[in-house]
Amino acid sequence: MINKKSKIKSINLASKWINFYFGIIMSVGLFSCAKKVIAPSVIYTDNVANYTSEVTIDTKVNTDSYILLTNGDGLTTDEAITQSEKNAFSVLLFNGIANSDLNIPLVENERQSISSHQEFYDNFFKKFDFRKFITQHSIISQSPSPGGRIQVKMRITINLGNLKMYLIQNSIIRKFGL
């Protein structure tokens, strides 16, 4: 009789451990499937070094003109559009666009260039000089984002040839081969 009772106890104990581990596995599984809330990917604090965003090439129009897809975030639609435009230029200048023929940044050393040419970058980003190189733009989508903000995804056509000449004239980059 004692053998049967100890077998039943060991079976009950094993059953409890199996249920315990099963509960942990189920909890981990359920919580890992929960919807994750992600803050806006674009944050601009008047410091171009803080830009992060996904910018991709939609179409290469010709050697001097590209259509880029970019996003922006702001309190108003106009702010989000401006953010999106600044984002495209920041990525183009300082990061390059991955998996494209623009994968190398136009500006060789971001930190050094910003500190050496602070007035240029203030004019370019804060006084909207970058808009001289946008030949077309359109909103692809617009949606609300956390905190009552607005996110936009845009298609922007940039005249890269004129942008490079402008950067050369302002001694931001060197002419190829010099």
Side-chain angles (χ1 to χ4, degrees), residues 35-111 113-114 116-176:
K35 182 179 178 184
K36 293 173 180 65
V37 178
I38 299 171
S41 61
V42 181
I43 299 170
Y44 180 61
T45 58
D46 288 341
N47 181 352
V48 292
N50 289 334
Y51 268 119
T52 57
S53 178
E54 182 180 327
V55 177
T56 57
I57 293 178
D58 183 43
T59 309
K60 181 177 180 179
V61 179
N62 57 43
T63 57
D64 287 339
S65 192
Y66 287 83
I67 300 174
L68 305 179
L69 299 177
T70 182
N71 56 30
D73 180 89
L75 291 172
T76 65
T77 302
D78 287 342
E79 269 185 31
I81 289 169
T82 299
Q83 177 78 21
S84 180
E85 293 169 344
K86 286 180 179 181
N87 226 11
F89 282 94
S90 179
V91 169
L92 194 59
L93 291 175
F94 304 122
N95 301 105
I97 299 172
N99 302 319
S100 75
D101 56 341
L102 300 177
N103 63 340
I104 298 172
L106 294 174
V107 176
E108 197 171 297
N109 186 330
E110 174 184 355
R111 187 167 286 154
S113 183
I114 290 172
S116 300
H117 306 284
Q118 186 65 46
E119 185 178 348
F120 170 84
Y121 288 109
D122 284 346
N123 289 331
F124 193 78
F125 285 105
K126 293 180 184 176
K127 295 184 179 175
F128 311 115
D129 281 358
F130 63 87
R131 287 195 169 139
K132 296 175 187 175
F133 310 102
I134 297 175
T135 56
Q136 285 184 320
H137 75 250
S138 60
I139 296 175
I140 297 170
S141 66
Q142 179 175 334
S143 59
S145 69
R149 298 175 69 81
I150 297 170
Q151 283 187 333
V152 296
K153 182 165 186 146
M154 296 191 62
R155 182 175 283 117
I156 299 173
T157 305
I158 294 178
N159 187 324
L160 186 63
N162 287 349
L163 173 61
K164 284 181 179 179
M165 290 303 297
Y166 182 75
L167 295 172
I168 291 167
Q169 289 168 356
N170 285 280
S171 302
I172 304 302
I173 63 174
R174 292 182 298 172
K175 192 171 182 176
F176 182 71

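For the single chain, residues carry numbers from 1 onward in sequence order.
Atom CG in Leu68 sits 13.5 Å away from atom NE2 in His137 (nearest 0.5 Å). The CG atom of Asn99 sits 11.5 Å away from the CG atom of Asp101 when rounded to the nearest 0.5 Å. Here the OG-CD1 distance, from Ser145 to Ile150, works out to 8.0 Å after rounding to the nearest 0.5 Å. Atom CD1 of Ile173 is separated from atom CD of Glu108 by 10.5 Å, given to the nearest 0.5 angstrom. Rounding to the nearest 0.5 Å places CG of Asp122 at 10.0 Å from CD1 of Ile114. Atom-to-atom distance recorded for Ile156:CD1 and Ile139:CD1 is 10.0 Å, nearest 0.5 angstrom.
Put simply, the side chain of Leu106 reaches to within 4.5 Å of the side chain of Leu160, judged on heavy atoms. Side-chain atoms of Leu93 and Ile172, non-hydrogen and from C-beta on, never get closer than 4.5 Å to each other. Residues Lys86 and Ser90 have side chains not in contact (no heavy-atom distance under 4.5 Å, counting atoms from C-beta outward).
In this structure a side-chain-to-backbone donor-acceptor pair under 3.5 Å is missing from Asp64 to Asn162. For the pair Thr70 (side chain) and Val55 (backbone), a donor-acceptor distance under 3.5 Å is absent.
Residues passing the salt bridge (Lys or Arg N to Asp or Glu O under 4.0 Å) test with Lys153, sequence neighbours excluded: none. Partners of Phe133 by ring-ring contact (aromatic ring centres under 6.0 Å, His included), not counting sequence neighbours, listed by chain and number: Tyr166. For Ala80, the side chain to side chain contact (heavy atoms under 4.5 Å, CB included) test picks out Val152, with sequence neighbours left out. In this structure Ser65 satisfies the side chain to side chain contact (heavy atoms under 4.5 Å, CB included) test together with Val61, Asn62, Thr157, sequence neighbours excluded. Take Arg131 and apply the side-chain hydrogen bond (donor to acceptor under 3.5 Å, both in side chains) test, not counting sequence neighbours, and it matches Thr82, Glu85.
The only option from Tyr121, Phe124, Phe89 that meets the ring-ring contact (aromatic ring centres under 6.0 Å, His included) definition with Phe94 turns out to be Tyr121.
Counting non-hydrogen atoms of neighbouring residues, nucleotides and ligands closer than 6.0 angstrom, the CD atom of Glu119 reaches no more than 12 such neighbours.
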- [ ] Check the pair Asn170, His117 against side chain to side chain contact (heavy atoms under 4.5 Å, CB included), reporting the backbone distance first and the verdict last.
- [x] CA-CA 9 Å; Asn170 285 280; His117 306 284; over 6 Å; no

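Across every non-hydrogen atom of Leu92 and Leu163, the tightest pair is CD2-CD2, 3.9 Å. Contact record, Asp73 with Gln151: OD1-CG, 3.3 Å, taken as the closest heavy-atom pair. Among all heavy-atom pairs drawn from Thr77 and Gln142, the shortest one is OG1-NE2, 3.0 Å.
Within the structure, ring-ring contact (aromatic ring centres under 6.0 Å, His included) contacts touching residues 61-80 (residues at least two apart or in different chains) do not occur.
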